[in-house]
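Structure first, then comments.
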Amino acid sequence: MNKIITSVRRKLSVKVSLWVVMFAAVIFITALGFLFYQSREAVRQEAISRATQILDKTSLRVEGILNRVEVASDMAKWLVQRHPNVADSMFVYSRGVLLNNSDFYNCSIAFEPYYFANHARYFSAYSKHQGDSIRTIQGGSDNYQYFFMDWYLMPTLLDRPCWTEPYMDLDVPTNTSEMVTSFCQSIKNKEGKVIGVINIGLSLNWLSHTISATKPYPNSYSIMVGRGGTYFVHPDTTKITRQTIFTQTLETPDTALTALGHAMQRGEEGMKNMQLNGEECYVFYKPLGKTGCSMAIVCPESDIFGGFDRLRRTVMTIVCVGLLLMLYFFIRIITRELSPLNRLAHEAETIASGQFDTLLPDFQRTDEIGQLSHSFGHMQRSLVRYIEELKETTAQKASIESELNVANSIQMSMLPSVFPDREGLDMYASMAPAKEVGGDLYGYLLKGDNLYFCLGDVSGKGVPASLFMAQVTRLFRTLANQQIPPADICTQMNEALSGEENPTSMFVTLFIGLVNLTTGHLSFCNAGHNPPVIGGGEHHGDFLPMLPNFPIGVMPGLQFEGEEIDSIKGRPLFIYTDGLNEAENRQHEQFGDDRLLDILRNTHFENARQVIETLAAEVEHHRDGADPNDDLTMMCLRISEA
């Protein structure tokens, strides 16, 4: 597998073909994506328009039926009020309502108790469709006291016509029942007294078939809910009148379904995109006139976008197959056109393996491949010459590196690696050059109770600085052996290293100190060097205030001034070169004096070596992988108070 991947990566024909096909794929995907987005939106708008039209038509049809019920009720009321005392006429009127309206379920013209003296307490002309015929009976009895029913009480109490909530209509003679909703209104005599109620009912089963008869999509369905959210129409007949639109939300909270139920209860009209029974659906809802009911059409997304999704999958399959065929033919064509490059690449690998005398093919072509072949020939000849020159240069470089390593060893041997082992004295120093050799230096000389020490930084870096550093180190030890004050040492060194003795105009910043190990008395001279940090005082460590002096080697005839401190017992002295405080990281941010003082003040050190090693580690951490920009030299000494 790895070999196949490597081969594909190395073949230019495959790479070019892949790039072309990928570019074509991006164009196709962008164009088709925009087209599919626009098409899906068009399908969505068409579905909304289609469902809304069907909802409006169904709503108008249902409202037309409801209006016919109300008109029939008004006509029956008018007839009753013309002949309010003719009982037998009521059966004719009740039957006539159903004869003229085959889609009505029943009709009752019921009167107040004892309204007709010859019919005792009950009189209700009740007619009902029974198959293709109409059965008319007297509907009141002790088993069915109609004047306690909702359809009788509601218009009387409200004093206006109204639609009832669905109820079960029991037919005792046939032992059948039907869920109906009815329109009822009271009948009054000339004095305005209620004498009865006209009640015309519609079968919910018939109404459900009427509402569900027209579907915009195969799997769409209709629902109708009453004022309280009860289902009057639903594809699941077990929910009709037994559940509300909110029942499902009691077990599994569904804010979208709850919002839909409240919107339908309020008689609002609109559309919602929501999830029902785990499927994304569009729900279109609208109120049904004065009934207080609301109906909705539920259209699954799979129905709305089914055809669109099938078309999209077909188009994407065609595009993918087309892109694969395009890739295949592009690889074949480009491979054929670039076949001379394979041979040229093989010969180039042979040359790269060291066989520089390999004969390159001459394709006798004037196109880019021919030009490349001629360029390879020229490169081959140039490479042979370059290899010979490189061998000579490498040998010279190896010789120089060897000499620099020797110089580094010599330079480091000139710096003390062992420090005085004397009771009450803790001293340590280190030097890390930025290159193979550096220009920093340190040294000491112990003469009895007197300890001479110095630390300096030669201008420049590399070999010239290291040679100048060797002179400074030799002069320090020579003059310190004469046990003269540090200021005199600086003055004599300046005379020896300046003027004609220093044709390169190099100089060195130097701090020379002389401390009596018994009394702790310190005399020192600072020749243009960074101020050391001395412990003790208010902040437990501050830069040592000093008189200004020129660096050594700048000009002859300078007289250096020295300074003294009565005792530095118990006060550690830390001396360093600017490779410490001016150390830079990758962002060229310097280590800084403040950070140096903060570490020396707030870190508990056990000995001088720990001070040096801690600061070296902090500088390395600050650089964060950046190359050192200068030599780094540090010295720390402390004389105990005991």
Side-chain angles (χ1 to χ4, degrees), residues 408 411-412 415-420 425-444 453-462 465-466 469 508-511 513 524 526 528-546 568 570-640:
N408 177 265
Q411 182 183 30
M412 297 308 294
L415 301 176
S417 58
V418 179
F419 300 93
L425 174 63
D426 181 15
M427 181 179 182
Y428 190 79
S430 72
M431 194 273 278
K435 296 183 178 180
E436 289 80 0
V437 290
D440 283 5
L441 63 105
Y442 69 86
Y444 74 89
F453 59 91
C454 72
L455 187 142
D457 183 2
V458 177
S459 60
K461 301 179 185 67
S466 67
M469 164 263 187
V508 60
T509 63
L510 194 64
F511 182 91
F524 63 91
N526 182 53
H529 198 71
N530 294 352
V533 179
I534 188 167
E538 181 180 353
H539 302 293
H540 307 290
D542 285 294
F543 290 114
L544 182 64
M546 298 176 298
I568 62 169
R571 302 176 67 187
L573 183 66
F574 178 74
I575 317 168
Y576 59 94
T577 61
D578 54 12
L580 173 62
N581 59 329
E582 295 180 5
E584 295 181 350
N585 58 16
R586 296 178 183 271
Q587 291 74 39
H588 302 289
E589 298 169 340
Q590 294 189 349
F591 189 80
D593 293 337
D594 292 338
R595 186 171 181 179
L596 170 61
L597 285 178
D598 183 66
I599 294 172
L600 292 175
R601 289 173 179 174
N602 299 307
T603 305
H604 175 70
F605 298 106
E606 296 293 336
N607 52 54
R609 180 167 186 165
Q610 184 186 358
V611 175
I612 303 299
E613 292 177 348
T614 299
L615 284 168
E618 288 290 336
V619 169
E620 189 66 26
H621 177 72
H622 171 73
R623 287 198 189 110
D624 190 26
D627 293 331
N629 56 309
D630 202 354
D631 304 331
L632 173 59
T633 305
M634 296 177 284
M635 174 184 287
C636 182
L637 62 89
R638 177 166 50 187
I639 302 172
S640 61

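All values below were derived from every heavy atom in this structure, side-chain atoms included, with hydrogens, water molecules and symmetry-related copies excluded.
Here the shortest heavy-atom pairing between Gly439 and Asp631 reads N-OD2, 2.8 Å. Considering all non-hydrogen atoms of both residues, Ala583 and Asn629 come closest at CA-OD1, 3.6 Å. Pairing each heavy atom of Arg638 with each of Phe605, the nearest pair is NH2-O, 4.2 Å. Minimum interatomic distance between Phe543 and Asp593 (heavy atoms only, all atoms of both residues): CZ-CB, 3.7 Å. Across all non-hydrogen atoms, the minimal contact from Tyr442 to Pro416 is OH-O, 2.5 Å. The two atoms that bring Ser430 and Ile612 nearest to each other are OG-CG2, 3.2 Å, heavy atoms only.
Considering only heavy atoms from C-beta on, Arg601 comes within 4.5 Å of Asp542 through its side chain. Two residues are said to be in side-chain contact when any heavy atoms from C-beta on lie closer than 4.5 Å; Asn581 and Asp578 meet this criterion. Within the 4.5 Å cutoff, the side chain of Met431 has no heavy atoms near those of the Leu632 side chain. In this structure, the side chains of His529 and Thr577 come closer than 4.5 Å at one or more pairs of heavy atoms. A 4.5 Å side-chain heavy-atom check between Ile568 and Ile534 finds at least one atom pair inside the cut-off. Residues Leu615 and Leu596 are in side-chain contact: their nearest non-hydrogen atoms beyond the backbone lie under 4.5 Å apart.
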Notebook entry, point to check: So Gln590 and Arg595, side-chain contact (heavy atoms from CB on, under 4.5 Å) or not? Walk me through it.
Noted result: CA-CA 10 Å; Gln590 294 189 349; Arg595 186 171 181 179; over 6 Å; no
Check: Are Leu637 and Phe419 close enough, and set up right, to give a side-chain contact (heavy atoms from CB on, under 4.5 Å), and what steps lead you there?
Finding: CA-CA 10 Å; Leu637 62 89; Phe419 300 93; over 6 Å; no
Check: Given the rule in the side-chain contact (heavy atoms from CB on, under 4.5 Å) test, do Leu415 and Met469 qualify, once you have shown the distances and angles that lead to the verdict?
Finding: CA-CA 10 Å; Leu415 301 176; Met469 164 263 187; 3.5 Å; yes
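Note that CG of Leu573 is 10.0 Å distant from CE of Met427, once rounded to the nearest 0.5 Å. Between the CD atom of Gln587 and the CG atom of Asp624 there is a distance of 7.5 Å, given to the nearest 0.5 Å. Separating the CG atom in Asn585 from the CZ atom in Arg623 is a distance of 10.5 Å, to the nearest 0.5 Å. How far CZ of Phe524 is from CE of Met546: 6.5 Å, rounded to the nearest 0.5 Å. The structure places CD of Gln610 at 10.5 Å from SG of Cys636, a figure rounded to the nearest 0.5 Å. For the atom pair OG of Ser466 and CG of Asp440, the computed distance is 11.5 Å after rounding to the nearest 0.5 Å.
The backbone N or O of Glu613 lies less than 3.5 Å from no partner atom in the side chain of Tyr428, so there is not a single donor-acceptor pair. Judged by distance alone, with hydrogens and angles left aside, the side-chain atoms of Asn602 form a donor-acceptor pair with the main-chain N or O of Asp598 at under 3.5 Å. Checked by atom type and distance alone, the side chain of Tyr576 never pairs as donor or acceptor with a backbone atom of Asn530 at under 3.5 Å.
Under 3.5 Å, the side chains of Thr509 and Asp457 contain no donor-acceptor pair of N or O atoms. In this structure, a donor-acceptor pair under 3.5 Å is present between the side chains of Glu606 and His604. There is no side-chain donor-acceptor pair under 3.5 Å between Asp426 and Asn607.
Of the residues Val508, Leu455, Thr633, the one that meets the side-chain contact (heavy atoms from CB on, under 4.5 Å) test with Leu441 is Val508.
Using the six-membered ring where Trp is involved, Phe591 and His622 have ring planes that are perpendicular, over 60° apart on the 30 and 60° scheme.
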